[in-house]
Novice: 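Following this message is one structure expressed as structure tokens.
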Amino acid sequence: MKIVFSTSGDGLDAPLDSRFGRAPKFLAYDLETDSFEVIDNLQNLQAAQGAGVQAASTVARLGAGAVVTGHCGPKAFRVLSTAGIKVYPCDAPTVAAALELYRAGKLAEARNADVEGHWA
Amino acid sequence: MMLAIASGKGGTGKTTLAVNLARVFDAELQLLDCDVEEPNAHLFLAGEPGEETVVTVPIPEVDERLCDGCGECGRICRYNAIVTAGAAPLVFPELCHGCGGCAHVCPQKAIREVPKRIGVVETFRSGNIALVHGRLDIGVAMAPPLVRAVKARRRNDAPAIIDAPPGTSCPVIAAIRGAGAVVLVTEPTPFGLHDLTLAVDLVRELRIPFGVVVNRAGIGDDRVHAFCAREQIPLLAEIPDDRRIAEAYARGKLIVEALPEYRALFQDLCGKIERLEREDPE
């Protein structure tokens, strides 16, 4: 299964970004092969609106089964849950630390968005 | 004549200027209050209410029996208002600008457009002034379609003054587009100057002749004047920082009625604006 982390860097030691829709990058980690790829989110970083919607759809296209991020708003959450992707809010400092917590089963799945939308 | 009154900064006196200009205009005139997030011209005109019309925007509705989840609708939408994440697309009506692109590109013809209410257009009559304003519903963030609905009430047989929203974003562009001249109201302060320069860039981009009115003249500094001189922008009028004007405003009174000595200032300004529009080289 692929698990996607919001991040501002290019590797496992990079910080976990607390934003989802406007995170600079996503790191998609493949738990089967222990490999990862980094996807740029620059387009959404500058979007006037709907960054969370578009980021969630990017994650869905990657075929991910879970997202680990700082916070997730209502529209992104609705897209992710429709796509069957689980959301794990996490305040770990790095992607590696968040991955460890996930593997240890120490992250709780979000049942709802944990922050308000920015638009309406 | 179709004159728009705008400003970069909010609270500089757009409505004050609009309602007083409208009142000293010596004939039938339309006042189009396009500040649909907080229309307030009616507060100063004490007009008789006329009709109220509901304004809607078309938003997509997906027939899930016809949709095959191809995702074309999401790819055409630049506002991220429709996205395919599972079988059928999700619609976010509050992000939708109502362009109809998704319904147009859907290969399965699974999308039809349904109206979503965004606000109302209301009319009032006060003496020589036919006031039209838009009132956006609470929670709605999509002002431009309502601004356009207000402007669609423009009659060709009478001059019109448009009271634009503050700022320099889409609702302002929707309000001033098509105007024959724009008056930018500012105050002579660093904030006023900063936002004035943004508004100047905007009206130059739209190629509309414009001039500046300095409100609350006497406060702040002389940098707005220096900027206008340097940029060869006509300074059309200065409204002094007179406490009595603020008092009249606070009571919902027109300056030209509470303080008749200011009538000449607004009448003179009226003439200058008409010349600005007439002398437009384009």
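Keep in mind the model is a prediction, meaning the values are calculated, not measured. Lettering follows sequence order; numbering is per chain, from 1.
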Novice: Identify which part of A:Arg61 has an atom lying under 4.5 Å from any heavy atom of chain B, answering side chain, backbone, both or neither.
Specialist: neither
Novice: Honestly, is B:Arg204 close enough over B:Phe210, meaning NZ or CZ under 6.0 Å from the six-membered ring centre and within 45° of the axis?
Specialist: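 Negative - B:Arg204 is either too far from the ring of B:Phe210 or too far off its axis.
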Novice: Go through the structure and list residues passing side-chain contact (heavy atoms from CB on, under 4.5 Å) with B:Pro190, not counting sequence neighbours.
Specialist: B:Asp221, B:Arg223
Novice: Is B:Arg112 salt-bridged to B:Asp63, cutoff N-O under 4.0 Å?
Specialist: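 Answer for the salt bridge query: no.
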Novice: Which of the residues A:Val59, A:Asn44, A:Ile85, A:Val53 is involved in the greatest number of heavy-atom pairs with chain B at under 4.5 angstrom?
Specialist: A:Val53
Novice: Between A:Ala51 and chain B, which part of the residue has a heavy atom less than 4.5 Å away: side chain, backbone, both or neither?
Specialist: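 Backbone only.
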Novice: Strictly by salt bridge (Lys or Arg N to Asp or Glu O under 4.0 Å), give each pair with a member in residues 37-60 of chain A just once, sequence neighbours left out.
Specialist: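 Passing the test, one end in residues 37-60 of chain A: A:Lys2-A:Glu37.
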